[in-house]
Amino acid sequence: MVWVGIDDTDTYDKGCTTYVMYNMLKEFIKTRSEERVVGYPRLIRLNPNIPFKTRGNAAVSVGLNVDDIREAVELAEWAVNAYSSRVGKTSPGIVVSTTNSEHWIYWKAISDVIPIDVALRWMRRLGVVHRGGRGVIGALASVMADLSTDSTFELLAYGESTPKPNIPTGIVETLDSSTAPLTFENIGDGYTLIQPHGNDPVVFGVRGDSPYHLLHFATVLTSEVDVEPRWLIYLTNQATEHHMKHIANKPYTPGYIEGNVGSVTVISGGNLEIKASSGVVFSYRHYGFKRLDKATYLLAYGGLRPGPKDLDLYMEGGVALLGKVDVNNPKCPRCGGNLESTGRVGLLRCTRCGLVTGVPRLLGYVGEVILEEPRGSEVRHLHKPLGRVSLEGLANVFNRPSLWIV
Ligand code: ATP
């Protein structure tokens with residue numbers, strides 16, 4: 001039994017590493033057998049703040065029963081050569097390992113930056129076979145992924161026709177309401193989120209906690225929209241918030257900033273710069289966190305990048321305390337009438353009986369705690385939607401359904 005990992009096979013506008021895996025598995029099943037594929041293939045999202053990712057920093061892996069490790073290496077090389085799009089900075093990598101339990105590598109790759117020479121040293125020590133370039137880092141981390149406590153599924157449907165088939169929002173809304181909360185992130189801000197708009201082979205992708213609900217979604221959708229049913233169900237770390245488990249506090253890693261808010265300034269493009277006691281937070285306008293300009297205390301999470309003085313946080317969500325102090329005049333201590341300002345500090349005059357008094361003003365604190373969730377269309381792959389809270393670990397109970405690959 002070996003674990004095969006693949007990464008970095010696509011460019012901004014072409015290809016998809018998951019499609020390389022799909023074709024590799026189709027070939028493996030055709031020439032060997034389906035029983036030799038161990039469990040689900042895995043789609044693993046890594047550090048979302050890595051500067052050299054193409055889109056979502058995804059890497060894929062799968063367990064295969066082979067007679068000889070060379071069989072797996074040759075098969076992966078064939079799939080990468082046949083289905084990757086090598087342009088510009090694309091640097092495909094393949095790893096083949098006899099172990100997948102070095103989970104520390106996964107935890108490091110999801111929350112830190114791993115230099116290539118360090119990854120090569122680990123592989124030498126672990127006896128992991130590797131081929132290709134920088135993609136070996138992600139490929140190795142995908143093999144070592146720890147999905148024991150929480151994971152989700154994604155069904156990815158493929159097609160090569162251009163333009164992609166149009167998926168009407170109405171059908172997605174109907175399927176969403178009949179499968180939620182066991183599928184999620186299908187619709188956001190009134191738009192369909194299941195269809196990527198790039199020049200890649202993914203026709204749609206549905207995410208959820210139950211593979212059977214994904215299958216229901218996909219079978220209805222492919223028949224209604226006239227799409228050839230060709231898909232693969234992946235086990236993933238999407239929507240698990242795994243990237244926030246270990247904070248490295250380094251540039252280009254996930255992190256938090258928490259503290260009293262000193263100032264909130266609208267900067268170019270309508271984005272916000274928030275100076276908090278423990279650092280500077282930037283909130284991009286498109287995330288829609290409009291109410292932060294009244295924040296008095298903030299706990300924000302997002303990606304850390306080097307700033308002029310320290311690490312700045314580019315906020316993806318958080319919790320804010322919106323506080324303000326209301327100042328009101330008390331009632332007249334003699335007749336109960338309304339008091340108004342005399343224009344002199346500390347002195348108020350009664351509008352009814354004319355008493356001038358030095359009674360203090362009333363200070364009232366008005367506070368509101370708000371949860372700042374990214375908009376549907378801005379949600380990042382590892383972000384855990386509120387609807388998933390308490391579903392953690394559910395994926396572990398589902399055996400692989402027979403239509404996991406078609
Ligand atoms: P897509 O989501 O479309 O598959 P991508 O965003 O995954 O694309 P890649 O093309 O896979 O982008 O490029 C990411 C590169 O970053 C890969 O070469 C991978 O090995 C590397 N990488 C991933 N995580 C880390 C990490 N934590 N440290 C260093 N390198 C990493």
Side-chain angles (χ1 to χ4, degrees), residues 18 40 42-50 53 55-59 103 106-112 141-142 145-156 176-177 179-189 191 193-194 196 205-211 213-214 217 233-248 253-258 281 283-284 286-289 298-304 313-320 369-398:
T18 70
Y40 293 92
R42 303 177 324 162
L43 164 58
I44 302 299
R45 302 283 174 178
L46 300 167
N47 182 351
N49 307 106
I50 282 279
K53 66 179 182 164
R55 283 171 302 213
N57 203 3
H103 297 319
Y106 165 68
W107 292 113
K108 184 102 180 138
I110 200 167
S111 51
D112 205 342
S142 175
D146 182 359
L147 302 180
S148 56
T149 52
D150 195 18
S151 56
T152 60
F153 296 99
E154 178 157 10
L155 180 151
L156 284 168
D176 177 65
S177 58
T179 55
L182 293 171
T183 69
F184 51 81
E185 288 168 355
N186 301 311
I187 302 276
D189 311 325
Y191 293 100
L193 300 179
I194 64 170
V206 194
R207 298 172 182 202
D209 280 90
S210 151
H213 289 71
L214 299 187
F217 203 120
I233 298 182
Y234 278 98
L235 189 64
T236 88
N237 64 345
Q238 291 168 165
T240 60
E241 209 89 359
H242 274 180
H243 61 312
M244 288 293 167
K245 229 171 166 171
H246 304 282
I247 298 299
T253 68
Y256 293 96
I257 279 185
E258 180 177 8
V281 178
S283 162
Y284 283 127
H286 61 266
Y287 274 103
F289 302 149
L298 182 64
L299 189 168
Y301 64 82
L304 296 168
L313 185 92
Y314 288 74
M315 179 169 172
E316 286 157 27
V319 180
V369 176
I370 55 165
L371 181 64
E372 289 288 20
E373 282 271 283
R375 283 181 193 175
S377 51
E378 298 295 339
V379 164
R380 301 187 95 183
H381 300 288
L382 286 159
H383 175 75
K384 181 169 104 185
L386 282 178
R388 273 210 77 239
V389 172
S390 83
L391 294 180
E392 296 89 350
L394 182 65
N396 288 340
V397 307
F398 296 111

Work out which heavy atom in V281 is nearest to a heavy atom in A300; give both atom names and the distance.
CG1-CB, 4.1 Å
Please tell me if the side chains of L313 and L304 come closer than 4.5 Å, counting only heavy atoms from C-beta onward.
yes
Are any non-hydrogen side-chain atoms of R45 and N57 less than 4.5 angstrom apart?
no
With the threshold set at 4.0 Å, does a side-chain nitrogen-carboxylate oxygen contact exist between K384 and E392?
yes
Would you compute the distance between atom NE2 of H242 and atom CG of L46 and round it to the nearest 0.5 angstrom?
12.0 Å
Check against side-chain contact (heavy atoms from CB on, under 4.5 Å), R380 and N49
CA-CA 11 Å; R380 301 187 95 183; N49 307 106; 3.7 Å; yes
Return yes if a side-chain donor-acceptor contact under 3.5 Å exists between Y301 and H243, otherwise no.
no
Could you walk me through whether E378 and Y284 pass the side-chain contact (heavy atoms from CB on, under 4.5 Å) test, one step at a time?
CA-CA 11 Å; E378 298 295 339; Y284 283 127; over 6 Å; no
Show the nearest heavy-atom pair for residues E373 and F289, with the distance to one decimal.
O-CE2, 3.3 Å
Shortest non-hydrogen contact from P181 toward G387
CB-O, 4.3 Å
Give a yes or no on whether the backbone of Q238 and the side-chain of R207 come within a donor-acceptor separation of less than 3.5 Å.
no
So do L386 and L371 actually touch side chain to side chain, heavy atoms under 4.5 Å?
yes
Using side-chain heavy atoms (C-beta onward) and a distance below 4.5 Å, is N186 in contact with V206?
yes
Are the side chain of D150 and the backbone N or O of G393 linked by a donor-acceptor pair below 3.5 Å?
yes
Testing L155, L182, T152, D209 for side-chain contact (heavy atoms from CB on, under 4.5 Å) with L214, which one passes?
L155
Begin with the C-alpha distance, continue with both residues' side-chain angles, and end with the deciding distance and a verdict on side-chain contact (heavy atoms from CB on, under 4.5 Å) for I257 and L298.
CA-CA 8 Å; I257 279 185; L298 182 64; over 6 Å; no
Would you name the heavy atoms of P211 and I233 that are closest together and state the gap between them?
O-CD1, 4.1 Å
Nearest atoms (heavy-atom pairs only) where A248 meets S111:
CB-O, 3.6 Å
Minimal heavy-atom distance between L235 and S151, with the atoms involved, is CD1-OG, 3.6 Å
Contact check, side chains of E241 and R388, non-hydrogen atoms, under 4.5 Å
no
side-chain contact (heavy atoms from CB on, under 4.5 Å) assessment of T240 paired with L382:
CA-CA 6 Å; T240 60; L382 286 159; 4.3 Å; yes
Short side-chain to backbone donor-acceptor contact, N237 and L147, under 3.5 Å
no
Supply the atom-to-atom distance H246 NE2 to T253 OG1, rounded to the nearest 0.5 angstrom.
13.0 Å
Without swapping roles, check the side chain of Y256 against the backbone of I247 for a donor-acceptor pair under 3.5 Å.
no
Which of these, F217, F184, Y40, sits in a ring pair (Phe, Tyr, Trp, His ring centres under 6.0 Å) with F153?
Y40
Does some side-chain heavy atom of T236 sit less than 4.5 Å from a side-chain heavy atom of I44?
no
Could you check whether any side-chain heavy atom of V379 comes within less than 4.5 Å of a side-chain heavy atom of P385, counting everything from C-beta outward?
no
Rounded to the nearest 0.5 Å, what's the gap from CG on D176 to CD1 on I187? Could you check?
5.5 Å
